[in-house]
4 protein chains.
Amino acid sequence: MARGINKVILVGNLGNDPETKYTQGGMAITRISLATTSVRKDKDGNQQERTEWHRVVFFGKLGEIAGEYLRKGSSVYVEGSIRYDKYTGQDGVEKYSTDIIADEMQMLGGRGEGGGGGGGGGERAARPQRQEYSSSSSSAPRRQAPAPQQAPVDDFADDDIPF
Amino acid sequence: MARGINKVILVGNLGNDPETKYTQGGMAITRISLATTSVRKDKDGNQQERTEWHRVVFFGKLGEIAGEYLRKGSSVYVEGSIRYDKYTGQDGVEKYSTDIIADEMQMLGGRGEGGGGGGGGGERAARPQRQEYSSSSSSAPRRQAPAPQQAPVDDFADDDIPF
Amino acid sequence: MARGINKVILVGNLGNDPETKYTQGGMAITRISLATTSVRKDKDGNQQERTEWHRVVFFGKLGEIAGEYLRKGSSVYVEGSIRYDKYTGQDGVEKYSTDIIADEMQMLGGRGEGGGGGGGGGERAARPQRQEYSSSSSSAPRRQAPAPQQAPVDDFADDDIPF
Amino acid sequence: MARGINKVILVGNLGNDPETKYTQGGMAITRISLATTSVRKDKDGNQQERTEWHRVVFFGKLGEIAGEYLRKGSSVYVEGSIRYDKYTGQDGVEKYSTDIIADEMQMLGGRGEGGGGGGGGGERAARPQRQEYSSSSSSAPRRQAPAPQQAPVDDFADDDIPF
DNA sequence: TTTT
DNA sequence: TTTT
């Protein structure tokens with residue numbers, strides 16, 4: 001139940017390795033910085049690039065997976081929603097932040113994957129190249145799992161439904 | 001877990017009242033016919049309209065809600081995925097169908113709402129104008145519920161996370 | 001040409017009337033504040049609401065239309081991209097802002113429409129209830145018009161293409 | 001101008017090389033078959049896969065690019081709309097088809113890219129790994145180009161707009 | 001078949 | 001028919 005749609009779809013590359021923390025309750029919170037670059041022609045006809053750096057947050061099971069499989073340079077599809085926050089910084093000044101709360105992600109082949117510079121790379125060697133994950137309803141507090149799908153065909157003994 | 005993204009977003013109007021059936025297991029399956037119209041200029045500069053009629057299917061809890069609240073003429077936002085099916089018709093000929101399997105819907109204000117011609121209209125009088133529903137994980141076999149969201153702030157006693 | 005996808009889809013209501021300015025070059029820039037509300041159950045099982053207020057910006061032709069037809073309370077579909085900006089405020093302090101740069105919008109029926117408080121309301125009485133607009137390529141510098149579509153069927157004299 | 005939203009977002013792999021034709025007017029029409037696979041758990045807890053094969057059509061400039069750069073196995077992001085068609089086959093029987101009319105595409109890294117089995121592979125060696133293309137408004141009759149973007153900053157000599 |  |  002909600003009023004309105006707040007949906008974000010991103011495909012981009014991580015600027016750094018993910019950062020994972022855990023709440024007192026043991027829930028994973030993983031943050032990444034994701035770049036998307038667009039190009040336009042300026043009035044002189046020159047190509048101008050502009051990169052947006054999105055702060056994407058994954059909670060719960062999705063946070064664990066993001067923290068484990070994503071690395072600097074990884075290419076990833078993310079679906080989620082925008083959240084704007086206002087808080088008071090250490091310096092007593094009000095600050096604003098914008099985060100993308102992910103509720104689905106899928107690793108895409110590309111630079112950064114499989115790779116992963118540095119010592120921690122070993123255990124990631126066998127990871128799948130293209131899999132989609134959704135935030136698990138059990139541990140993810142903000143987003144719920146859109147995952148399991150498609151009814152057993154034999155559950156449709158009803159009638160002439162052609163599927 | 002999946003490989004690839006198959007996402008559809010529709011905003012349109014129902015051409016007819018929804019049709020709801022139930023599986024032997026008691027799960028609701030509601031179908032609607034949803035119109036989206038686009039306009040283009042043809043080569044003579046005349047406006048040409050084209051309407052697509054989408055067959056949208058709602059399962060489980062979402063199917064119950066769609067069947068109860070949507071009506072001919074209703075305006076609705078639907079999110080889901082495309083499913084192509086092939087089956088053999090009564091006449092022994094192979095047929096193809098395309099359905100949009102909904103996993104989220106939201107009623108939008110507009111003509112057709114509040115309306116509900118006929119006797120069954122009474123109990124719908126008080127229905128909310130704009131609410132979003134997702135397929136419930138318990139009863140929806142194909143799509144899962146992305147619904148409840150946002151962590152209790154006080155579950156984040158961890159550290160300096162500003163939200 | 002670009003690298004990455006940065007896409008936002010919103011359905012929400014305006015918190016205020018739009019504000020339109022014009023650049024020296026005469027291009028309209030219209031800003032709206034758009035609310036989307038989501039609901040979750042907190043750990044005590046109570047429904048908790050949270051509203052995000054999106055700053056949406058329309059340029060060029062789309063800015064003119066948004067400024068003319070949208071009003072406080074209007075329900076609208078917006079498609080665009082996220083843009084993060086950093087600037088130095090009057091007080092010399094670095095600030096951050098997040099805007100949704102619209103490249104498509106469609107008015108949805110609902111509260112606020114037809115309405116239009118204030119003197120300027122008269123000429124809007126006859127406005128259409130549900131039309132989609134895209135930023136025009138001629139005047140919109142940032143987003144381009146996805147609008148006119150669909151080839152004249154008779155331009156496909158080629159072969160057996162069934163459309 | 002339109003009434004309703006009909007939007008499709010796909011990420012998948014080509015099952016075959018693209019097929020390009022040209023209209024009498026010289027416009028390219030490229031078709032691909034794009035797979036997206038979803039996974040669900042059946043009632044016995046086993047993982048069940050299901051693959052949808054989308055027929056995606058690119059017109060005009062986008063058709064030329066798709067025909068030139070995509071290959072069997074390529075991973076690609078596609079945005080477009082659904083079009084349903086009804087036509088009479090050679091056998092005099094009415095048939096139905098569903099196509100995704102692309103208005104944006106972006107090649108994603110992954111198997112099949114760079115690769116290109118066969119003789120034609122040479123000229124594709126230097127192609128960019130991740131670029132987004134949109135249907136050009138000049139040659140694409142059905143979809144229009146969402147491409148060029150973002151106003152020259154210096155066109156905003158107006159006032160205090162922080163971007 | 002809807003809607004504008 | 002792809003991909004994992």
Side-chain angles (χ1 to χ4, degrees), chain A residues 69 77 106-110 113-114 126-133, chain B residues 1-6 10-19 31-39 47 49-56 70-78 84 107-113 115 117, chain C residues 69 77 106-110 113-114 126-133, chain D residues 1-6 10-19 31-39 47 49-56 70-76 78 84 107-113 115-117:
Chain A
Y69 293 119
Y77 170 96
Q106 183 164 141
M107 291 176 285
L108 305 171
E113 64 136 19
R127 110 176 105 95
Q129 275 241 159
R130 184 82 105 54
Q131 278 194 272
E132 183 188 359
Y133 303 95
Chain B
M1 271 156 285
R3 293 188 304 285
I5 298 296
N6 172 0
L10 304 173
V11 175
N13 297 280
L14 278 75
N16 284 299
D17 283 351
E19 294 181 4
R31 294 175 168 280
I32 64 169
S33 193
L34 193 66
T36 60
T37 300
S38 60
V39 185
Q47 298 258 335
E49 288 204 352
R50 182 184 162 107
T51 296
E52 306 301 330
W53 285 99
H54 305 87
R55 299 165 30 122
V56 181
L70 299 178
R71 284 296 171 270
K72 178 176 179 174
S74 294
S75 178
V76 70
Y77 169 96
V78 169
Y84 308 99
M107 290 177 285
L108 306 172
R111 221 208 68 84
E113 65 135 19
Chain C
Y69 292 119
Y77 169 96
Q106 183 165 140
M107 291 177 284
L108 306 172
E113 65 137 19
R127 110 175 102 98
Q129 275 240 160
R130 184 84 106 51
Q131 278 195 270
E132 182 189 0
Y133 303 95
Chain D
M1 272 156 284
R3 294 187 306 284
I5 298 295
N6 172 359
L10 303 174
V11 175
N13 296 280
L14 277 75
N16 284 300
D17 283 351
E19 294 181 4
R31 292 175 169 281
I32 64 170
S33 194
L34 192 68
T36 60
T37 300
S38 60
V39 184
Q47 298 258 335
E49 288 204 351
R50 183 185 161 105
T51 296
E52 306 302 330
W53 286 99
H54 305 87
R55 299 166 28 123
V56 181
L70 298 179
R71 284 296 172 270
K72 178 177 179 174
S74 295
S75 178
V76 70
V78 169
Y84 308 99
M107 291 177 284
L108 306 172
R111 220 209 69 83
E113 64 135 19

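Nothing here was measured: the structure is a model prediction, and the numbers come from that model. In what follows, every chain begins at residue 1, and chains take the letters A, B, ... in the order their sequences are listed.
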Length of the line joining D:L14:CG and F:dT1:P, which is rounded to integer Å: 15 Å

Nearest-angstrom distance from the residue atom CE of C:M107 to C1' of E:dT3: 14 Å

Whole-Å gap separating P (E:dT3) and CG (B:D17): 11 Å

Face-to-face contact D:W53 to F:dT2 six-ring, under 5.5 Å, under 30°: no

Nucleotide nearest B:T37 (side chain, heavy atoms from C-beta), chosen from F:dT4, E:dT4, E:dT3: E:dT3

Given F:dT4, E:dT3, E:dT2, the nucleotide with the shortest approach to the side chain of B:A35: E:dT2

Proximal nucleotide (of E:dT2, E:dT1, F:dT1) relative to the B:S33 side chain: E:dT1

Side chain to side chain contact (heavy atoms under 4.5 Å, CB included) partners of B:S33, counting only residues at least two apart: B:W53

Sugar-phosphate, base or nothing in reach of D:T36, heavy atoms under 4.0 Å: nothing

Nearest-nucleotide pick for B:N13, side chain only, options being E:dT2, E:dT1, E:dT4: E:dT2

Value in whole Å for how far the P atom of F:dT3 lies from CG of D:L108: 14 Å

Interatomic distance where CD belongs to D:E52 and P belongs to F:dT2 [whole Å]: 16 Å

Rounded interatomic separation in angstrom, taking CZ from D:R31 and C1' from F:dT1: 16 Å

Interatomic distance, D:E19 CD vs F:dT2 P [rounded to whole Å]: 15 Å

Listed nucleotide nearest any side-chain atom of B:E49, set F:dT4, E:dT2, E:dT4: E:dT4

